[in-house]
Amino acid sequence: MALIVQKFGGSSVKDRDRIFNVARIVANTHNAGNDVVVVVSAQGDTTDDLIAKAAEISHDPSAREMDMLLAAGEEISISLLAMALNEIGCHATSLTGWQAGFRTDRAYTKARITKLETERISSELERNRVVVVAGFQGLNKLDDITTLGRGGSDTSAVAIAAALHADRCQIFTDVEGVYTADPRKVRNTRKLKEITFDEMLELASLGAQVLNNRSVELAKKYNVELEVLSSLNPVPGTIVKEVVKDMEGMLIKGVAKDTDVAVITILNVPDEPGTSFKIFGLLAQKNVNVDIILQSTGRDGKKDISFTCSEGDADIALKTLREGANFQDITCDETCAKVSIVGAGMQSHSGVASKMFEALSNNNINIKMISTSEIKISCIIDRADADKAVSAIHDMLFD
């Protein structure tokens with residue numbers, strides 16, 4: 001007997017037929033003699049619909065109340081799936097995030113898990129029940145409901161797999177695995193049989209929407225092997241693990257884009273020690289995640305500093321810098337996107353960056369910023385060019 005954690009996204013449970021399809025997958029796994037914990041997201045566009053309802057009431061709702069509202073989406077999903085499982089003869093119990101033992105910090109809308117108390121889940125499993133857990137949510141020290149941010153159900157599933165020492169953690173999506181680019185938008189993509197945690201973490205962080213980046217980070221930390229596969233087509237998916245065999249000599253594992261990007265530039269910053277600490281220390285206090293940072297060469301005692309953050313964090317970043325650091329000469333460009341290539345093979349092979357830049361040049365796409373690491377190269381470009389850039393880069397690297 002194995003313990004298997006299965007996670008299903010919103011599109012997999014968006015309506016009655018999809019819910020019963022998921023119920024059959026889960027029941028088959030359970031009937032094969034396995035203990036099963038299922039984590040589900042809110043149905044279809046439920047989260048977006050709830051956000052829209054909040055906007056009808058308030059232009060600036062509190063983060064606490066948004067968490068209270070958005071947690072309802074997953075509660076609908078778990079109850080409906082548990083009903084469907086019981087309907088087809090597979091005993092199931094649904095648990096909210098806090099009933100399942102998720103304890104988090106106090107960062108509303110993007111909380112982090114601090115502890116997972118698994119006694120209730122284990123108790124239900126001992127009764128030979130499938131446990132259906134609401135992903136994306138938990139409870140903080142004030143007993144307030146918190147949510148883990150977009151894609152947080154992936155993180156919930158990996159956390160349960162790690163805490164229970166599960167034999168397998170399966171992430172079911174509407175695609176058949178991890179591809180070299182989004183197969184719905186780019187032609188001639190390839191499905192990967194395996195990919196390393198590090199490569200998947202980079203792809204997830206850079207805009208690939210197959211897995212949430214925090215879930216991959218957690219999987220790597222606790223060595224939870226993941227399998228990404230389709231809930232609609234029963235074919236082998238992609239294994240995400242620490243070490244993989246060389247995939248046919250593939251230098252690059254994927255091309256990703258992220259359109260949730262804002263570029264903030266602070267002009268005429270004093271060129272003196274402690275300035276960068278002042279800027280990014282203030283942003284850290286406001287939980288603003290900063291990605292690419294570019295600093296110009298100082299002249300006449302001044303320099304310019306540019307950085308990227310999510311578009312949703314741009315307003316709080318601007319307010320923090322103007323009020324907290326008294327920087328007034330600041331610009332914000334919200335018409336940008338980030339395109340990236342990822343692959344461990346870049347460490348030992350030259351010319352990859354050249355091909356990426358050639359693809360952009362051939363399509364008359366201007367590069368605004370560049371960031372590199374051992375296994376990735378990212379470029380900030382105009383958002384209007386993002387789809388064209390991904391296709392051009394993919395064609396150059398994989399055709």
Side-chain angles (χ1 to χ4, degrees), residues 5 7-11 39 41 110 112-113 135-136 147-159 161-162 169-186 189-230 237-244 247 250 252-261 289-292 308-313 337-344 346 371-379 386 390 393-394:
V5 176
K7 180 266 175 180
F8 294 88
S11 61
V39 177
S41 301
K110 46 187 173 183
R112 289 189 171 271
I113 301 166
F136 176 66
T147 64
L148 308 182
R150 282 299 183 122
S153 292
D154 289 351
T155 306
S156 301
V158 174
C169 184
Q170 298 177 315
I171 309 294
F172 287 86
T173 71
D174 54 358
V175 294
E176 296 173 3
V178 180
Y179 286 76
T180 50
D182 188 339
R184 296 163 294 194
K185 297 180 180 180
V186 180
T189 56
R190 305 180 191 178
K191 185 172 74 175
L192 305 174
K193 292 181 181 178
E194 299 177 323
I195 186 170
T196 67
F197 287 131
D198 287 337
E199 290 170 322
M200 190 67 245
L201 181 57
E202 288 284 10
L203 281 173
S205 300
L206 295 168
Q209 297 179 355
V210 180
L211 285 174
N212 172 268
N213 62 310
R214 280 168 59 185
S215 72
V216 183
E217 182 181 318
L218 199 63
K220 176 178 172 61
K221 180 178 180 180
Y222 292 101
N223 198 28
V224 176
E225 189 171 295
L226 305 177
E227 182 181 9
V228 182
L229 64 170
S230 170
T238 300
I239 302 297
V240 186
K241 57 184 182 178
E242 186 64 42
V243 179
V244 304
M247 285 283 295
M250 290 176 65
I252 303 302
K253 295 296 176 64
V255 184
K257 73 167 184 178
D258 184 2
T259 55
D260 183 19
V261 176
N289 290 321
V290 173
D291 184 19
I292 301 173
T308 64
C309 64
S310 70
E311 197 171 351
D313 283 338
K338 178 169 58 180
V339 292
S340 309
I341 58 175
V342 174
M346 288 192 290
S371 173
T372 65
S373 74
E374 289 183 331
I375 64 171
K376 64 102 174 173
I377 302 171
S378 295
C379 296
V390 170
I393 294 167
H394 191 275

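At a threshold of 4.0 Å, the pair K253-E199 counts as salt-bridged, since one of the basic side-chain nitrogens sits closer than that to a carboxylate oxygen.
In this structure, CD1 in I292 is found 11.5 Å from SG in C309, a value given to the nearest 0.5 Å.
Without hydrogens or angle criteria, R214 side chain to L148 main chain gives a donor-acceptor distance under 3.5 Å. Within the 3.5 Å criterion, the main-chain N or O of S340 finds no donor-acceptor partner in the side chain of S378. N212 contributes a side-chain N or O that, together with a main-chain N or O of R150, makes up a donor-acceptor pair within less than 3.5 Å. Listed for the T238 side chain is a donor-acceptor partner under 3.5 Å among the backbone atoms of V178.
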Notebook entry, point to check: Taking it one step at a time, do T180 and H394 satisfy side-chain hydrogen bond (donor to acceptor under 3.5 Å, both in side chains)?
Noted result: CA-CA 8 Å; T180 50; H394 191 275; 2.7 Å; yes

| query | Does the pair K110 and D313 meet the rule for a salt bridge (charged side-chain N to carboxylate O under 4.0 Å, His left out), with working shown? | reply | CA-CA 12 Å; K110 46 187 173 183; D313 283 338; 3.7 Å; yes

Report task. Could you walk me through whether L218 and V224 pass the side chain to side chain contact (heavy atoms under 4.5 Å, CB included) test, one step at a time? Result -> CA-CA 8 Å; L218 199 63; V224 176; over 6 Å; no

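Summarising the geometry of V39 relative to S153, their closest heavy-atom pair is CG1-O, 3.7 Å, with the distance given to 0.1 Å. For A386 against T259, the heavy-atom pair with the smallest separation is CB-CG2, 4.4 Å. The two residues T173 and V210 have their closest heavy-atom pair at CG2-O, 4.1 Å. Of all heavy-atom pairs between T189 and A181, the closest is CG2-O, 3.7 Å. In plain terms, the two heavy atoms of I113 and A159 that are nearest each other are CD1-CB, 3.8 Å. When all heavy atoms of V175 and P183 are compared, the closest pair comes out as CG1-CG, 4.3 Å.
Inter-residue side-chain proximity for K376 and L206 is flagged as met; some heavy-atom pair is nearer than 4.5 Å. By the 4.5 Å heavy-atom criterion applied to side chains, F172 and L229 are counted as neighbours.
Partners of K338 according to the salt bridge (Lys or Arg N to Asp or Glu O under 4.0 Å) rule, which considers only residues two or more places apart in sequence or in another chain, are D291. Under the salt bridge (Lys or Arg N to Asp or Glu O under 4.0 Å) criterion, K220 pairs with D198, E242, sequence neighbours left out. Taking the side-chain hydrogen bond (donor to acceptor under 3.5 Å, both in side chains) definition, one finds that E311 meets it with R383, sequence neighbours left out.
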